[in-house]
Every structure is written in structure tokens, then in C-alpha cells.
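Structure first, commentary second.
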Amino acid sequence: MRIRKITLPVYFSIAILYLEMVFHIYEFRSLSGGFFFMTLFSVMGGVLIGALIGKMRERAAYIVTIVVTAVLCLFFCAEIVYKSVFQKFLALFSMLGVAGQAFDFMDVIGKNILLTIGGLILLWLPMIFLIIGKRKNVIVFRPYSWEESLKRIALAAEMYLAAILILGCMSQEPYNLNDIYYHNVSTDLTVEQFGVLTTNRLDAWYQVVGKPMRTLQTAVADDADKKSDKKDADGKDSGIDTSPNIMDIDFDGILAASPNDSVTQLTQYFQTQSGTNKNEYTGMFEGYNVIFITAEGFSGYVIDEERTPMLYKLKNEGFVFNHYYTPGWYGSTSDGEYANLTGLLPTDGIVSMREAGENGNNMFFTLGRQLERKGYTLNGFHNNDYTYYGRDKSHPNMGYNWYGTGNWFQPEKTESGKDYWPQSDVQLMLQSMDMYMDQEPFHTYYMTVSGHMMYDVNSNQMAYKNYDQVADLPYSETTKGYLACQLELEKALETLVGELEDRGLADHTVIVLGADHIPYDDKPVCDELAGHELDPGVEWYQNDLIIWSGSMKEPVQVDKYCYDVDILPTISNLLGLEYDSRLMVGQDILSDSEQLVCFPNRSFISGKCIYNAVNGSVTPLTEEEVTQEYLDQMSAVVYDKFSVSEMVLHENYYQYLDGHISFKSDEKSN
């Protein structure tokens with residue numbers, strides 16, 4: 001039987017579509033979603049690449065085809081490994097600024113290559129087909145004439161225009177195909193609906209022309225009927241001020257000077273929000289020293305009364321948050337910090353904190369800037385490179401005197417002179433406490449590192465150091481290694497609280513501790529510690545938030561669903577700070593606001609239900625019916641929360657408050 005010859009445009013169309021299909025089946029377990037557009041864009045790309053290479057001489061065309069095929073296979077493999085490590089897909093061009101830090105994850109990458117080896121092998125089959133096809137003379141490498149190349153380029157252009165026309169006829173409602181393609185809603189959604197190459201093509205285009213402007217969906221008040229007096233439910237004077245936590249902002253003045261539609265939309269949106277109300281806990285810690293800790297890779301499943309008595313004490317003797325979540329944001333640790341410190345959702349496809357620092361964004365509402373206006377001494381400490389993730393720019397931009405390895409921290413070393421990895425959180429406390437504890441009022445920020453993966457005694461110094469204390473526990477070696485790492489955080493907290501008590505500061509200091517992320521590369525660790533397999537969509541991300549002071553006489557139970565962006569407005573209210581809750585996406589957990597937790601994949605938890613966007617499941621939290629209308633309404637609200645956060649970051653929105661905001665006190669904003 002005569003074998004039909006395959007031209008380069010046909011070869012590349014088949015190869016790219018094959019890679020997209022294998023990837024899609026591997027990651028999503030089906031070809032559902034935007035298979036039509038994925039096919040159309042794959043064939044379009046294949047025809048275009050084949051037409052361009054086809055102009056070369058035969059030997060050159062073969063060599064270039066091998067190189068391009070290898071790059072394509074390697075890139076799809078990289079996407080699978082990246083997803084297995086970070087639980088998110090890679091937008092390559094947006095992340096180039098931190099690409100060098102991938103080398104710090106080589107052990108993790110190596111482990112995940114082994115775990116995904118089956119999919120990786122399948123993704124290299126186009127290379128095998130190419131080599132065999134060349135030897136069997138199945139693939140044609142003869143040079144094209146200009147006319148032949150132009151015809152194929154024109155065909156690719158026609159396919160692109162057809163796709164654009166079809167998309168243009170589709171609904172522009174949130175999360176529909178038109179919205180996902182044109183508004184960069186989510187890297188994960190774009191990959192699912194349009195494929196890996198289209199996602200990264202769009203990402204590259206955004207780096208050239210800028211990200212597309214969002215359109216807010218729900219420019220209406222979130223809670224128009226909030227109470228603003230001091231009366232309780234019986235109409236009696238409770239003596240508690242329940243007026244909104246808002247400031248006197250001249251929104252009309254900002255609108256009059258607005259430079260673009262994004263600033264206009266944001267201003268109109270903030271105008272319509274009512275903010276969260278003050279409550280019985282407003283000002284509870286007014287004037288207190290504040291120590292804020294972002295704990296590396298922390299999960300609440302670590303906490304045990306016998307094994308971690310200090311963590312247990314801080315969790316159970318302060319505010320006890322029974323439904324707190326740490327979603328898996330896009331930029332690993334840095335995005336977790338961003339959520340904790342800004343009250344805004346991180347933006348997909350970039351490292352939000354780094355961008356804010358490099359651009360010198362106005363960080364008006366961060367705790368550092370708020371307490372700076374109160375005359376606090378501000379310091380930030382890290383037991384890793386002080387420039388990592390661009391923190392040498394981002395953290396001073398939030399008001400902190402920033403210290404880490406390279407400009408202050410003295411790392412511990414092995415006998416051979418190599419720095420420990422990771423470094424000790426105990427040493428972080430010991431080397432820093434004398435620098436601020438005699439400078440009240442102080443606000444100190446810690447970014448810890450002892451809980452960093454990988455969790456084995458051979459590559460992790462903290463796992464090795466504390467392994468004897470976990471060796472007899474009934475867990476896997478990885479889980480025991482993880483617990484051993486977190487024991488260093490436990491010891492660090494013992495050191496810190498002990499020093500506060502010795503100096504008589506514990507009763508006038510509030511400690512806040514939240515994770516940057518859960519151990520996202522080791523779900524079995526969390527499953528083991530939880531005692532059952534956790535649902536990966538929502539349940540996996542449940543965590544603990546600590547807000548504690550030695551002055552608290554009894555714990556406060558909080559059953560509200562909440563998450564990391566809620567930390568800043570909550571602590572701002574507890575400190576009695578003058579801030580505007582309308583301009584944060586997070587909410588004061590202790591207020592009477594409707595509960596809402598947003599996840600990167602657009603799942604959410606509200607007062608009525610838990611909605612899993614991955615499989616469309618709905619878990620009611622009340623007896624009230626959860627209608628499709630309600631889900632659509634809440635999805636629009638969640639859409640806006642992400643859009644507002646992204647627009648605030650990219651527009652540097654808080655700069656427009658200068659000259660348009662007034663404090664009730666005599667203090668002046670800077």
C-alpha cells in the first residue's frame with residue numbers, strides 16, 4: 001500500500017493537536033471544554049509554522065523541524081510538571097521575571113518528573129514520529145515556492161479570523177468563552193478552553209500591548225441596609241458603634257481627574273460599596289505592638305496539644321477561626337504574602353507583590369503604612385535572601401526596614417561551610433528580637449522559611465534537626481519530615497512569646513500568624529494529618545489563622561467562613577485604625593458582613609453554600625434553596641473581586657487618594 005506523503009504544515013498541525021489533546025486528557029481527564037477552539041488554533045499554528053519552515057532548504061528544514069518539535073514537546077512537559085508542583089498552569093512570559101528561582105525547586109521538580117513520567121513520555125511521541133517519518137520518507141521537506149508558502153499563511157490567517165468571528169458572536173457574560181479569551185480571566189480557564197499554546201500566545205501578546213481592561217459586572221452596593229447606629233436587635237442602646245469602617249474620600253474629585261476608564265470604573269465601584277461595620281471588637285488592641293508572621297508552608301493540621309503546645313495555645317486562647325482558608329494562589333509564597341498583607345486578591349499570571357514593589361505602587365492600606373502614620377517602629381525580617389521575589393523593593397515599599405540573608409541575617413552552616421537549607425526560624429527570632437522590642441510601639445513582620453519543602457532528612461536541614469521528635473509517629477517519612485520542619489516554627493514561637501513575657505510586653509502585643517500557602521506539593525501529607533482524603537477543590541485549603549494577645553482572658557469562637565485577604569481589614573479594625581473597608585476585597589471577619597471566600601479557580605464559599613467550580617457541585621450551608629440565579633449572582637460578585645484586585649494593582653489606584661482623602665483625626669496622610 002502506498003503511504004501518503006505528509007507535508008510540514010500537516011505534520012505540525014497533527015503534532016500540535018496531538019500534544020494539546022494528550023495534555024488535555026492528562027490534566028482534565030477528558031476532551032470537554034473548548035475542544036473546537038483548541039483544534040482550530042492548533043491547526044492554525046501548525047499550518048503557519050510549517051509554511052515558514054517550508055521555505056528553507058531540505059536539510060535546514062529538517063534540523064529546524066527537529067528543534068521546533070523538541071521545544072514544543074519540552075514546553076508541554078514543563079507545563080505538566082509545573083502544574084504538578086504548584087497546582088496552577090504556567091503563563092511563561094508573565095513569569096520570566098522570576099524564572100531564575102526555578103532552580104531553587106530542582107529537588108521538587110525532579111520528584112514531580114518521576115510522578116508524571118507516563119504523561120511526559122506520551123508528549124515526546126511527535127519527536128519519535130518525526131525521526132521515523134524522515135527515515136521512511138513519509139514527511140516531505142522539499143522547499144516551497146513563495147506562492148505555496150503564501151497560500152498556507154493565508155489559510156492560517158483565515159482560520160484565525162474564523163475563530164475570532166465565532167468568538168465575537170458569543171456571549172460576553174463572565175466566564176464565557178469570549179470573556180475568557182479577551183479578558184485574561186484566568187490562566188487555568190484559558191488552558192482548559194483554548195489550550196496551552198493559545199494561552200501562552202495571549203500571554204506574550206499582553207506583555208507587548210498590556211493586559212486587557214476588565215469590565216466590572218456588579219456596580220451595586222453589597223449590603224445597602226447595614227446598621228449605622230448603636231442599637232441592638234431589641235432596639236436598645238448597646239453602646240457599641242456599628243457605623244461603617246469608611247473614610248471621607250472625595251470620589252467625585254477622583255472621577256473628575258480620572259485618566260482612564262479603569263480608574264473611573266474602580267471609583268464608581270467603590271462609591272457603591274457600603275463597607276463593613278464596626279463591632280464590639282473595634283479598637284480591642286488599640287495602641288498594641290503588632291507582630292505579623294507569614295508562616296512558610298503552614299497547615300493547621302500540624303497543631304497538636306502535646307506536639308506543638310505553643311501553636312495550640314495561640315490558636316485556642318485567642319480568636320479561634322473555625323472556617324479559615326488559605327487558597328492556592330498563583331505565585332506561591334509571594335502571592336500568599338500579598339493576600340495576607342494587602343487585603344487584595346493576587347493577580348493571575350504575575351507575581352503581584354513583586355510588581356507592586358518594582359512599580360512603587362502606593363500601599364496606603366497595608367499594615368505597615370497604616371501603623372507608620374501612627375508612629376510605630378517598622379521592621380521586617382526573613383531568614384532567606386532579602387532580595388528573593390523582589391522583597392528588597394516590595395517590603396520597603398510597604399514601610400518596613402527590610403532585613404534578610406545578604407544584608408543582616410547570619411545563616412547557620414554545616415561542617416563543610418554550606419548554608420543550611422532551610423534556615424532556622426528560631427535563629428530568625430534570636431537574631432531580631434533585640435532590634436525592636438525596646439522601641440514601642442512596634443510593628444514587626446516575619447516571613448519564615450523553616451517549613452519549606454522538600455520534607456526529607458536528606459535535603460532539609462530542619463527535617464533532619466527535629467526528626468527524632470517525630471520518628472515514632474505513625475506517618476509516612478514525608479509527613480514526619482513535614483512535621484519536623486514545622487516544629488522549628490513551634491520552637492520559634494516559644495522563643496518569641498517567652499521573650500515578650502519576660503519583657504512584660506505580652507499583654508500589650510498582638511501576634512498574627514497566617515500561612516503563605518499549604519504544602520501544595522504534598523497533598524498526601526495533609527490527607528494523613530487530617531485522617532482522611534481531602535477534597536482537592538476546597539477542603540484541602542482549610543487552615544488556621546492565629547490572632548492572639550496575652551491580654552485576652554478567654555478565647556473568641558468565630559464560625560464565619562473567611563480567608564487570607566480578610567486578615568488586613570480584621571486586624572485594622574481590632575487596632576482601631578482609621579481605614580476604608582470599601583477599598584479592600586477582604587472583609588473584617590468580626591463584622592456583620594456576608595461571608596465570602598474566593599478561590600483561584602472561581603470556586604467560592606458564601607453564606608448559603610460551597611460552590612466547586614471544577615465539577616459544578618453545590619454544598620448548601622443552610623436550609624435555604626440554592627438557585628441557579630443565586631449562583632450566577634455570586635459568580636458575578638466573585639468575578640468583580642478578582643477584577644477589582646487586578647485593576648487596583650495595575651492602575652496603582654491608591655495613588656489617587658492623595659489629596660482626596662481626609663482623616664477624622666488630626667493626623668495627616670503621607
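Just so it is clear, the values below take in all heavy atoms, side chains as well, and ignore hydrogens, waters and symmetry mates.
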Check for me whether the distance between the ring centres of [X] and [Y] falls short of 6.0 Å.
{"X": "Tyr400", "Y": "Tyr445", "answer": "yes"}
{"X": "Tyr436", "Y": "His443", "answer": "no"}
{"X": "Tyr475", "Y": "Tyr482", "answer": "no"}
{"X": "Tyr579", "Y": "Phe365", "answer": "no"}
{"X": "Phe86", "Y": "Tyr330", "answer": "no"}
{"X": "Phe381", "Y": "Trp408", "answer": "yes"}

Do [X] and [Y] have side chains that get closer than 4.5 Å, going by heavy atoms?
{"X": "Asp348", "Y": "Glu646", "result": "no"}
{"X": "Lys523", "Y": "Trp540", "result": "yes"}
{"X": "Val585", "Y": "Val644", "result": "yes"}
{"X": "Leu621", "Y": "Lys608", "result": "no"}
{"X": "Leu496", "Y": "Ile511", "result": "yes"}
{"X": "Val449", "Y": "Tyr388", "result": "no"}
{"X": "Ser352", "Y": "Ser334", "result": "no"}
{"X": "Pro327", "Y": "Pro600", "result": "yes"}

Less than 3.5 Å apart, any donor N or O on the side chain of [X] or [Y] sitting next to an acceptor on the other?
{"X": "Asn383", "Y": "Asp425", "result": "yes"}
{"X": "Asn359", "Y": "Asn652", "result": "no"}
{"X": "Asp385", "Y": "Thr387", "result": "yes"}
{"X": "Gln587", "Y": "Ser581", "result": "no"}
{"X": "Thr308", "Y": "Gln486", "result": "no"}
{"X": "Trp329", "Y": "Asp564", "result": "yes"}
{"X": "Ser450", "Y": "Thr448", "result": "no"}
{"X": "Thr282", "Y": "Asn573", "result": "yes"}

When rounded to the nearest 0.5 angstrom, what distance separates [atom1] in [X] from [atom2] in [Y]?
{"X": "Glu528", "Y": "Asp522", "atom1": "CD", "atom2": "CG", "answer": "10.5 Å"}
{"X": "Asp516", "Y": "Phe298", "atom1": "CG", "atom2": "CZ", "answer": "11.0 Å"}
{"X": "Tyr403", "Y": "His382", "atom1": "OH", "atom2": "NE2", "answer": "16.0 Å"}
{"X": "Gln439", "Y": "Asn379", "atom1": "CD", "atom2": "CG", "answer": "7.0 Å"}
{"X": "Ile589", "Y": "Asp566", "atom1": "CD1", "atom2": "CG", "answer": "5.0 Å"}
{"X": "Glu372", "Y": "Leu367", "atom1": "CD", "atom2": "CG", "answer": "11.5 Å"}

Option among Ser394, Ser645, Pro346 that satisfies the side chain to side chain contact (heavy atoms under 4.5 Å, CB included) test with Tyr338:
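For Tyr338, the side chain to side chain contact (heavy atoms under 4.5 Å, CB included) check succeeds only for Pro346.
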Report the residue from Asn543, Leu534, Ile518 that forms a side chain to side chain contact (heavy atoms under 4.5 Å, CB included) with Tyr301.
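The residue from Asn543, Leu534, Ile518 that satisfies side chain to side chain contact (heavy atoms under 4.5 Å, CB included) with Tyr301 turns out to be Leu534.
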Which of parallel (below 30°), tilted (30 to 60°) and perpendicular (above 60°) describes Phe319 and Phe321?
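Taking Phe321 first and then Phe319, their aromatic rings lie parallel (interplane angle under 30°).
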Which class fits the ring pair His323 and Tyr561: parallel under 30°, tilted 30 to 60°, perpendicular over 60°?
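His323 vs Tyr561 ring planes: parallel.
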Pairwise salt bridge (charged side-chain N to carboxylate O under 4.0 Å, His left out) hits with a residue in [range], at least two apart:
{"range": "residues 490-500", "answer": "Glu499-Arg503"}
{"range": "residues 461-483", "answer": "Lys465-Glu488, Glu477-Lys480"}
{"range": "residues 542-561", "answer": "Lys315-Asp544"}

Any side-chain to backbone donor/acceptor pair from [X] onto [Y]? Under 3.5 Å, distance only.
{"X": "Asn289", "Y": "Phe442", "value": "yes"}
{"X": "Asn460", "Y": "Met454", "value": "yes"}
{"X": "Glu539", "Y": "Pro536", "value": "no"}
{"X": "Asn407", "Y": "Trp402", "value": "yes"}
{"X": "Asn361", "Y": "Met363", "value": "no"}
{"X": "Asn277", "Y": "Asn245", "value": "no"}
{"X": "Thr509", "Y": "Ala506", "value": "no"}

How far apart are the C-alpha atoms of Glu296 and His517, what are their side-chain angles, what is the distance that settles it, and do they pass the side chain to side chain donor-acceptor pair (under 3.5 Å) test?
CA-CA 7 Å; Glu296 171 65 45; His517 53 71; 3.2 Å; yes
Does [X] have more than 12 heavy atoms from other residues, nucleotides or ligands lying within 6.0 Å of its [atom1]?
{"X": "Lys393", "atom1": "NZ", "answer": "no"}
{"X": "Glu533", "atom1": "CD", "answer": "no"}
{"X": "Lys413", "atom1": "NZ", "answer": "yes"}

Yes or no on side chain to side chain donor-acceptor pair (under 3.5 Å) for Ser551 and Asp507, after CA distance, side-chain angles and deciding distance?
CA-CA 4 Å; Ser551 64; Asp507 289 350; 6.0 Å; no
For Gln423 and His452, what are the C-alpha separation, side-chain angles and deciding distance, and is it a side chain to side chain donor-acceptor pair (under 3.5 Å)?
CA-CA 9 Å; Gln423 287 290 317; His452 203 287; over 6 Å; no
I'd like to know whether Gln370 forms a side chain to side chain donor-acceptor pair (under 3.5 Å) with Ser572, so could you lay out the CA-CA distance, the side-chain angles of the two residues, the decisive distance to 0.1 Å, and finally the verdict.
CA-CA 8 Å; Gln370 290 193 74; Ser572 296; 3.0 Å; yes
Please determine if Arg391 and Glu337 form a salt bridge, counting it only when a charged side-chain N lies under 4.0 Å from a carboxylate O.
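Salt bridge between Arg391 and Glu337, a charged N being under 4.0 Å from a carboxylate O: yes.
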Under the ring-ring contact (aromatic ring centres under 6.0 Å, His included) criterion, do Phe409 and Tyr386 qualify, and how do the steps go?
CA-CA 9 Å; Phe409 184 74; Tyr386 81 105; over 10 Å; no
Taking the six-membered ring of Phe364, is the NZ or CZ of Arg373 close enough (under 6.0 Å from the centre) and on axis enough (within 45°)?
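Yes, a cation-pi geometry.
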